[in-house]
Every structure is written in structure tokens, then in C-alpha cells.
Amino acid sequence: MTARRVRVVAPDLPTSWMMATNSGDEFTGRMFEAINGMLLDMLAVVARKDYVD
């Protein structure tokens, strides 16, 4: 996803749609990328745990 610059936008997650609109400066964009990356990692871990359980 990162290599292809794919972005996941969730309507109820403000950091995802704010990043998709390309508003803000470079620092803000990098912060949103980091936050969204951590959220996706956390959701992947929860989904994996649910699958195993």
C-alpha cells in the first residue's frame, strides 16, 4: 500500500479524509500519514486476533 501510495479513507475518521483532501502543510501531512499508519496496523492486529480466536 505504501509503495503504491494507496490511501484508505474512512468517513468517520477525520485524519483519513483530511489527508485525502491534501489540505495543510507538509508537516501536517506527515503527521496524518503516521497516525493513519498506526491505526491501520492496530486494526490489522485486532482483525488477526479475531480471526485466530
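Quantities reported herein were computed from a predicted structural model and do not represent experimental measurements.
For Leu40, the side-chain contact (heavy atoms from CB on, under 4.5 Å) partners at least two apart in sequence or on another chain are Met1, Val8.
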Going by atom type alone, with no hydrogens or angles, which donor-acceptor pairs under 3.5 Å involve a side-chain atom of residues 46-53 and a protein atom two or more places apart or on another chain?
from	atom 1	to	atom 2	distance (Å)
Lys49	NZ	Asp53	OD2	2.6

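Here Met31 sits in one hydrophobic cluster together with Phe27; the rule is ILVMFWY side chains under 4.5 Å apart, joined directly or through other members.
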